[in-house]
Amino acid sequence: MKSSFRPTLVNGPFQDPALYVALRWQGDALLFDLGRIDRLNPANCLRLSHVFVSHTHMDHFMGFDQLLRLTLPRDRELTFCGPPGLIDNITGKLAGYTWNLTASYTFRLVVVERHADRLTRAAFRASTGFAREPLDDVAAPAAELVREPAFRIDTATLDHRIPCLAFCVSEPSHLNVRTDVLEARRFVPGPWLSRLKAALRAGDGACAIDVPVDGAGTTRATAAELARDLVVEQPGQRIAYVVDTRFDAVNAPAIVALARNADVLYAEARFLDVDRDEADKRYHLTARQAGFLARAAGVRRLEVFHFSPRYQGMAQSFHAEARAEFTGETRLENEEGWVADLLPAPARRDDQASARRR
Ligand SMILES: [Zn+2]
Ligand SMILES: [Zn+2]
């Protein structure tokens, strides 16, 4: 199956974080953070429907002006989502310019802040000179941020001495119809398959479906009966994005839960592990800690980035350190006891068994 999400880091690993995720089937795209975004071509900027901002330190947010400049003359709505304070930050950005010639523009910004149990929202229209219009709050369960037909976004609020959001974008699971079963039963493919999938997605197993049978009229069965051997559910793609946070007993479990079984985890690694103390003080991860989080979450692939410029020319050291911990060649749990609880149970049992053998 072709992947629906195509993620690309906009910049090199020593430059500002910005992850561009193209949604293959919709033609839209999502952007996670927007430090410098000069390398993002204008056509790709115009495909953006949502921008997710982890926090508003400059290296994650200064591309706002550039993106606004590009999209302003367009008939678009752009949604920004981020931590508490984002509406004020964007109000401040917009107040820095003069808007006397935009009355005929249709461009609109919607800004959504993730609070503990709700989303606070505001809109800004170019046609009114970006006057702030409060929108009603929306109740939202702890992790959920956006739910669209093609994707959903979950978040975890991490501690970077300020709240910093980590994100996971996932697509709905695929419901694949087994053609061998269709043929064996002489079921004729048609719109009933869409009705069957819709019923299954809605959790309506009792829904009656009329199925045309080759040479034998139709037969009626419930969605649950048909699903039993006709439909195979395959999990959708998941991409997690984690930046600017400290490796501690509160943040680490939150990251592992968010990134669980992701296809790719994009994780910051500001420091190498020799500078672990400094990483702690500055509320950042080391490459090794990123590797451990990826292993604990059982992700398929890890991409580390956002390296401190002090290590310029040492990118390979970051990759090697992260890889060694991700593959279990080095084991942080042998040095920091509390982290063992984050590993999946079978891995812990293996460790205990090998400890007993030793
Ligand atoms: Zn930061
Ligand atoms: Zn940063």
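Please read all numbers here as calculations on a predicted model, not as lab measurements. Whatever order the structure lists ligands and atoms in, that order sets their numbers, starting from 1. Residues: numbered from 1 along the sequence shown.
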query = How about His60 and His306: are their ring centroids closer than 6.0 Å?
reply = yes
inquiry  = Under the ring pair (Phe, Tyr, Trp, His ring centres under 6.0 Å) test against Phe52, which residue among Tyr20, Phe32, Phe80 passes?
reply    = Phe32
request  = Could you tell me whether Glu268 and Arg270 make a salt bridge, using a distance below 4.0 angstrom between a side-chain N and a carboxylate O?
outcome  = no
request  = Quick one: name the protein N/O/S atoms under 2.8 Å from the Zn ion (ligand 1), chain by chain.
outcome  = His55 NE2, His57 ND1, His160 NE2, Asp244 OD2
request  = State whether a side-chain donor-acceptor pair under 3.5 Å links Thr218 with Asp210.
outcome  = no
query = Name of the His306 N, O or S atom nearest the Zn ion (ligand 2)?
reply = NE2
Report all side-chain donor-acceptor pairs from residues 251-259 shorter than 3.5 Å, counting only partners two or more places apart or in another chain.
residue : atom : partner : partner atom : Å
Asn251  : OD1  : Asp159  : N            : 2.9
Asn251  : ND2  : Asp159  : O            : 3.3
Asn251  : ND2  : Thr245  : OG1          : 3.0
Asn251  : ND2  : Arg246  : O            : 3.0

task = Return yes if a side-chain donor-acceptor contact under 3.5 Å exists between Asp75 and Tyr105, otherwise no.
result = no
